[in-house]
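Take a look at the structure below.
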Amino acid sequence: MKPKIKIYKDLQELSAAAARLFIENATQAIATRGRFLTALSGGGTPKPLYELLAQAPYRSQIRWDKVHVFWGDERCVPKEDPGNNYFQARQALLDHVPLPAENIHPVASELEPESAARDYAQVLRDFSTPPLTFPRFDLVLLGMGDDGHTASLFPNSPVDESLPVISVTANYQDRPARRVSLTPLVFNAAKQVIFIAVGKSKAERLASILNGDYHPALLPAQRIRPDEGEVLWLVDEAAAEMITSS
Ligand code: 6PG
């Protein structure tokens with residue numbers, strides 16, 4: 001299925017739209033399956049979204065006791081490190097909503113990446129939908145780096161797509177290099193994937209991902225093509241500058 005694209009004036013408008021979509025997905029999943037399984041993204045872009053979900057009018061529109069939160073990727077630093085994706089989500093969202101502690105499923109980021117990946121595969125297995133060995137997420141939130149990476153799937157970095165979780169070492173900006181990432185095996189089983197990307201620095205790669213040829217080794221975000229789910233890109237005008245409508 002072709003990805004859908006929605007363009008917003010700025011990150012503020014985009015985040016409000018993403019908050020509404022988060023609530024819609026949660027409401028529908030809880031009504032039909034009794035729970036909402038979501039995988040969050042790291043990076044700076046989702047922070048305003050997380051903050052909005054923690055505030056009125058959004059916060060009270062979600063049955064938080066039915067929500068289970070996972071991460072699409074994590075940096076292997078202690079859980080109190082500002083570079084930790086779980087820490088960021090706690091500060092912006094999780095500490096401010098009535099989400100039971102047992103519904104929060106962080107990566108054991110204090111471990112070595114290989115051990116943390118193995119451990120997280122077991123965490124996912126506990127929520128698996130047989131015959132899969134991992135959950136079919138209701139909503140996966142993803143970002144995109146200036147180089148086309150998503151989660152911790154980086155250009156020219158091998159991905160064993162037979163595994164649900166891999167360990168990765170990748171230098172990007174000044175962020176921690178040792179990481180754990182879910183793989184396309186898991187992302188492509190999701191019901192809904194929402195990418196959020198803003199800023200001019202992403203414009204060129206975004207156009208290549210959406211309008212260019214399929215080069216997954218160079219543009220890992222292209223690997224995200226759910227079999228039965230939908231991919232939606234929420235982007236701002238600056239990031240969308242080079243996209244063509246065809
Ligand atoms: C991470 C991410 C990563 C992120 C992109 C975009 O933990 O680093 O999950 O894939 O989404 O690097 O980051 P920004 O939102 O900061 O541009």
Side-chain angles (χ1 to χ4, degrees), residues 8 10-12 14-15 17-19 22 38-52 69-79 81-94 105-110 113 116-117 120 137 139-157 159 165-184 186-187 190 193-206 208-210 216 218-224 231-241:
Y8 298 90
D10 53 27
L11 180 58
Q12 202 186 342
L14 182 159
S15 302
F22 189 96
T38 186
L40 301 183
S41 156
T45 314
K47 199 167 164 237
L49 161 65
Y50 298 159
E51 288 168 347
L52 281 181
V69 176
F70 300 79
W71 276 264
D73 75 321
E74 186 54 277
R75 296 97 177 257
C76 285
V77 291
K79 288 198 177 75
D81 188 301
N84 185 263
N85 291 341
Y86 159 75
F87 181 79
Q88 166 178 282
R90 258 193 61 188
Q91 285 213 313
L93 171 63
L94 307 177
H105 309 282
V107 174
S109 60
E110 63 285 359
Y120 211 51
F137 282 106
L139 174 62
V140 171
L141 283 175
L142 289 172
M144 185 200 80
D146 297 355
D147 58 356
H149 80 260
T150 191
S152 288
L153 307 173
F154 285 86
N156 296 315
S157 171
V159 183
V165 192
I166 54 170
S167 58
V168 177
T169 302
N171 289 308
Y172 178 72
Q173 298 179 347
D174 55 356
R175 298 179 181 178
R178 288 158 16 111
R179 294 157 170 259
V180 160
S181 187
L182 307 194
T183 71
V186 179
F187 294 136
V193 175
I194 296 182
F195 279 95
I196 55 177
V198 297
K200 209 178 171 49
S201 63
K202 302 199 176 175
E204 197 181 325
R205 283 294 192 279
L206 183 63
S208 304
I209 288 164
L210 294 171
L218 277 180
L219 301 166
Q222 287 186 333
R223 292 183 190 273
I224 313 306
V231 176
L232 176 61
W233 283 83
L234 307 183
V235 301
D236 73 345
E237 287 173 0
E241 220 168 49

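As the structure is a prediction and not an experimental result, all values here were calculated from the model. Just so you know, ligand 1 is whichever comes first in the structure, and atom 1 is the first atom listed for that ligand.
- If you check the side chains of Ser181 and Asp73, you find no donor sitting under 3.5 Å from an acceptor.
- In this structure, atom 9 (O) of ligand 1 lies nearest to the protein heavy atom Asp73 OD1, 2.6 Å.
- The shell of residues lying under 4.0 angstrom from ligand 1, judged by heavy atoms, includes Lys202.
- Just one residue in the list Ile194, Leu40, Ile196 forms a side-chain contact (heavy atoms from CB on, under 4.5 Å) with Pro46, and that residue is Ile196.
- Contact check on Glu74 versus Arg179 returns no salt bridge, with no Lys/Arg side-chain nitrogen under 4.0 Å from an Asp/Glu carboxylate oxygen.
- What sits closest to atom 13 (O) of ligand 1 on the protein, heavy atoms only, is Arg175 NH1, 3.2 Å.
- Considering backbone and side-chain N/O atoms, Thr150 never comes within less than 3.5 Å of an N/O atom of ligand 1.
- Atoms of ligand 1 found under 4.0 Å from any heavy atom of Gly44, numbered from 1 in the order shown, are 14 (P), 15 (O), 16 (O).
- For atom 10 (O) of ligand 1, the closest non-hydrogen atom of the protein is Ala151 O, 2.6 Å.
- When hydrogens are left out, the protein atom nearest atom 8 (O) of ligand 1 is Arg75 NH2, 2.8 Å; that is the closest non-hydrogen contact.
- The shortest distance between side-chain heavy atoms of Thr150 and Phe195 falls below 4.5 Å.
- Atoms of ligand 1 lying under 4.0 Å from at least one heavy atom of Ser41, given by number and element, are 9 (O), 11 (O).
- Ligand-side atoms of ligand 1 in range of Gly143: 11 (O), range being under 4.0 angstrom from any heavy atom.
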Query raised in the report: How far apart are the C-alpha atoms of Ser109 and Val180, what are their side-chain angles, what is the distance that settles it, and do they pass the side chain to side chain contact (heavy atoms under 4.5 Å, CB included) test?
Result: CA-CA 8 Å; Ser109 60; Val180 160; over 6 Å; no

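- Ligand 1 has a nitrogen or oxygen under 3.5 angstrom from a nitrogen or oxygen of Gly42.
- Looking at heavy atoms from C-beta onward, Ser157 lies in side-chain contact with Val168 at the 4.5 angstrom threshold.
- Between Ser152 and ligand 1, no N or O atom pair is found at a separation short of 3.5 Å.
- Within the 4.0 Å heavy-atom criterion, the part of His149 lying near ligand 1 is the side chain and not the backbone.
- Residues Arg75 and Asn85 bring a donor and an acceptor atom of their side chains to less than 3.5 Å of each other.
- Near Thr45, meaning under 4.0 Å from one of its heavy atoms, ligand 1 places the atoms 14 (P), 15 (O), 17 (O).
- The structure places CG of Leu49 at 9.5 Å from OG of Ser41, a figure rounded to the nearest 0.5 Å.
- Contact annotation: the side chain of Leu94 never approaches that of Tyr50 to less than 4.5 Å [non-hydrogen atoms, C-beta and beyond].
- Residue contacts with ligand 1: Arg179 is included, with a non-hydrogen atom under 4.0 Å away.
- At least one side-chain heavy atom of Phe187 sits less than 4.5 Å from a side-chain heavy atom of Leu142.
- Considering Glu74, Gln88, Met144 only, the shortest heavy-atom separation from atom 6 (C) of ligand 1 involves Met144.
- Residue-to-ligand polar distances keep Leu142 apart from ligand 1: every N/O pair is separated by 3.5 Å or more.
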